[in-house]
Amino acid sequence: MLRDDVKNTIQRYSMIKSGDTVIAAVSGGADSVALLHVLYSLQGELSFSLAACHVNHNLRGAESDGDEMFVRRMCRMMDIPLYVANIKVNDFRQKHDSLEECARRLRYGFFEDIGKNKLIATAHTASDNCETILINMVRGTALSGICGIPAKRDNIIRPLLYSTREDVERYCRENELDFVTDSTNLSDDYTRNKIRHKIVPLLREMNPALYGAMSRLSDAASLDDSYLDGVAAQLMQKAGCGDGKYDVNQLCDADECILRRIVTMLFKQNDIPVSMSAVDSCVKIIRNKQGKINPCQFKFVQIRKKKLFVVTDYEKYRRNQCDGFLKSV
């Protein structure tokens with residue numbers, strides 16, 4: 001059953017082509033073990049090469065090392081090439097970084113390093129997608145947050161995204177697959193675990209088919225989000241004046257949802273962190289056709305001669321700090 005579901009998901013999203021190399025991200029947990037096992041069974045049928053990777057975050061002492069040894073042993077028995085990253089997450093944690101965010105950033109950095117001209121398969125399930133959507137809703141999100149986890153983005157694929165955690169655990173039992181259990185998954189110290197252990201069971205009492213319902217919501221929101229992004233990109237291109245400048249007169253009358261997307265795109269193009277307050281401030285100066293904001297260190301978004309553009313000015317930033325009139329958002 002799980003094998004068929006994974007195969008259907010791969011084909012639905014054209015995740016894997018003949019001749020591709022797929023690297024499965026394996027933590028040692030049930031989800032990733034099932035993913036590796038299913039991909040192993042499909043590689044001949046779908047004509048792709050299979051490898052695996054593992055990240056030891058060094059957050060749980062001997063338990064983390066045990067997970068790594070488990071994955072090494074499993075890949076050796078299956079004769080699957082394995083890439084391993086041994087990272088001390090706490091050494092790379094930045095100010096205001098949560099442990100989860102830092103670990104994720106480092107993990108995906110590793111995926112980027114090893115994934116050139118290859119596909120990285122992660123073991124996210126429909127259960128993970130449901131939890132992600134709920135977390136985003138609790139924190140406050142735009143439409144993109146309701147889209148949840150994408151089935152495919154760039155070279156990252158998620159073949160288990162329409163299978164639940166129960167499906168995975170059943171597959172492991174039926175195929176007598178061993179796996180490890182991360183002790184932190186049992187604690188309610190993390191937001192995701194609180195959602196998983198307390199909120200999701202209540203919602204499933206109201207709708208036993210919760211995971212399927214949330215997957216449909218995610219799919220529908222993704223279609224709308226993609227369409228609106230396309231409209232925003234077209235207007236942004238139309239308003240472009242070259243040299244990274246945009247005609248404010250063509251932007252200022254755009255619908256709010258389109259203008260906010262244009263601002264978000266502008267921020268991402270210029271490595272500016274996207275926050276609701278910064279986007280609000282930028283929308284405001286566009287509507288007014290004048291002004292300047294400082295959304296982050298050294299970056300200024302300003303309007304001059306009816307043109308919107310971003311400048312990086314280290315000296316101006318320091319000077320404004322010293323003079324005490326730096327406007328940040």
Side-chain angles (χ1 to χ4, degrees), residues 89-106 108-109 112 135-147 153-154 191 225 228-329:
V89 172
N90 280 314
D91 291 349
F92 293 91
R93 196 170 173 185
Q94 300 173 0
K95 190 177 181 182
H96 305 309
D97 238 358
S98 74
L99 206 56
E100 295 164 286
E101 289 167 347
C102 183
R104 183 186 185 281
R105 185 177 67 251
L106 294 169
Y108 276 83
E112 185 176 349
I135 290 169
N136 291 342
M137 291 171 64
V138 168
R139 290 175 175 170
T141 183
L143 181 60
S144 59
I146 300 174
C147 295
R153 177 178 289 166
D154 300 325
T191 299
D225 195 53
L228 292 171
D229 273 348
V231 173
Q234 287 179 356
L235 179 54
M236 194 174 184
Q237 184 178 22
K238 182 180 177 182
C241 305
D243 297 327
K245 296 182 179 180
Y246 299 90
D247 183 350
V248 171
N249 288 326
Q250 294 195 54
L251 298 179
C252 65
D253 293 329
D255 289 338
E256 187 74 10
C257 68
I258 299 301
L259 186 53
R260 294 180 69 85
R261 285 168 186 273
I262 289 173
V263 169
T264 299
M265 291 174 182
L266 180 72
F267 281 11
K268 289 179 178 179
Q269 288 174 2
N270 290 276
D271 296 321
I272 296 173
V274 178
S275 69
M276 189 170 294
S277 60
V279 171
D280 286 342
S281 297
C282 193
V283 166
K284 184 176 179 180
I285 67 171
I286 292 172
R287 296 288 192 210
N288 292 335
K289 300 184 181 181
Q290 62 179 358
K292 177 177 70 175
I293 66 167
N294 171 223
C296 67
Q297 272 193 335
F298 313 125
K299 301 278 187 178
F300 295 84
V301 183
Q302 62 187 71
I303 295 172
R304 185 180 298 164
K305 297 180 180 179
K306 305 303 180 185
K307 301 292 188 296
L308 173 75
F309 55 96
V310 176
V311 293
T312 301
D313 193 325
Y314 299 99
E315 289 305 317
K316 181 185 290 185
Y317 184 88
R318 293 191 185 96
R319 187 165 59 251
N320 286 353
Q321 270 193 317
C322 293
D323 291 345
F325 64 84
L326 176 63
K327 180 183 179 183
S328 65
V329 293

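- Within the structure, the side-chain hydrogen bond (donor to acceptor under 3.5 Å, both in side chains) test picks out the following pairs touching residues 229-242 (sequence neighbours left out): Asp229-Arg261.
- The nearest pair of heavy atoms linking Met265 to Ala233 is CE-N, 4.0 Å.
- Taking OG1 of Thr264 as the start and CE of Met276 as the end, the distance is 9.5 Å to the nearest 0.5 Å.
- Asn294 places a side-chain N or O within 3.5 Å of a backbone atom of Lys299 that can act as its donor or acceptor partner.
- Remark: of the listed residues Ile293, Val311, Leu308, Val311 is the sole one forming a side chain to side chain contact (heavy atoms under 4.5 Å, CB included) with Gln302.
- In this structure, the side chain of Asp247 engages the main chain of Asn249 through a donor-acceptor pair within 3.5 Å.
- For Ala103 against Val89, the heavy-atom pair with the smallest separation is N-CG1, 4.0 Å.
- Other residues, nucleotides and ligands contribute over 12 non-hydrogen atoms within 6.0 Å of the CD atom of Gln269.
- When the salt bridge (charged side-chain N to carboxylate O under 4.0 Å, His left out) test is applied to Asp280, the partners found at least two apart in sequence or on another chain are Arg260.
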task = Go through Val301 and Phe267 one step at a time and tell me if the side chain to side chain contact (heavy atoms under 4.5 Å, CB included) criterion holds.
result = CA-CA 9 Å; Val301 183; Phe267 281 11; 4.0 Å; yes
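- In this structure, the separation between SG on Cys102 and CG on Asp91 is 9.5 Å, given to the nearest 0.5 Å.
- Between the side chain of Ser281 and the backbone N or O of Ser277 there is at least one donor-acceptor pair closer than 3.5 Å.
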request  = Check step by step if side chain to side chain contact (heavy atoms under 4.5 Å, CB included) holds for Lys245 and Lys305.
outcome  = CA-CA 11 Å; Lys245 296 182 179 180; Lys305 297 180 180 179; over 6 Å; no
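- Residues forming a ring-ring contact (aromatic ring centres under 6.0 Å, His included) with Tyr108 (at least two apart in sequence, or on another chain): Phe111.
- If you take CD1 on Ile262 and CG on Leu235, they are separated by 4.0 Å, rounding to the nearest 0.5 Å.
- Taken from SG in Cys252 to CD1 in Ile285, the straight-line distance is 12.5 Å, to the nearest 0.5 Å.
- Remark: Val231 pairs with Tyr227, Ile258 by the side chain to side chain contact (heavy atoms under 4.5 Å, CB included) rule, at least two apart or across chains.
- Interatomic distance, CD1 of Ile272 versus CZ of Phe300, reported as 10.5 Å (0.5 Å rounding).
- Under the salt bridge (charged side-chain N to carboxylate O under 4.0 Å, His left out) criterion, Arg287 pairs with Glu256, not counting sequence neighbours.
- Considering CD of Gln290 and CZ of Arg304, their distance stands at 13.0 Å, rounded to 0.5 Å.
- Every side chain to side chain contact (heavy atoms under 4.5 Å, CB included) that Arg139 has, sequence neighbours left out, goes to Ile135, Thr191.
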task = Using the side chain to side chain contact (heavy atoms under 4.5 Å, CB included) rule, take Tyr246 and Leu266 through it: C-alpha gap first, then chi angles, then the decisive distance, then the call.
result = CA-CA 10 Å; Tyr246 299 90; Leu266 180 72; 3.8 Å; yes
message = Evaluate Asn136 against Ile146 for side chain to side chain contact (heavy atoms under 4.5 Å, CB included), listing each step before the verdict.
response = CA-CA 7 Å; Asn136 291 342; Ile146 300 174; over 6 Å; no
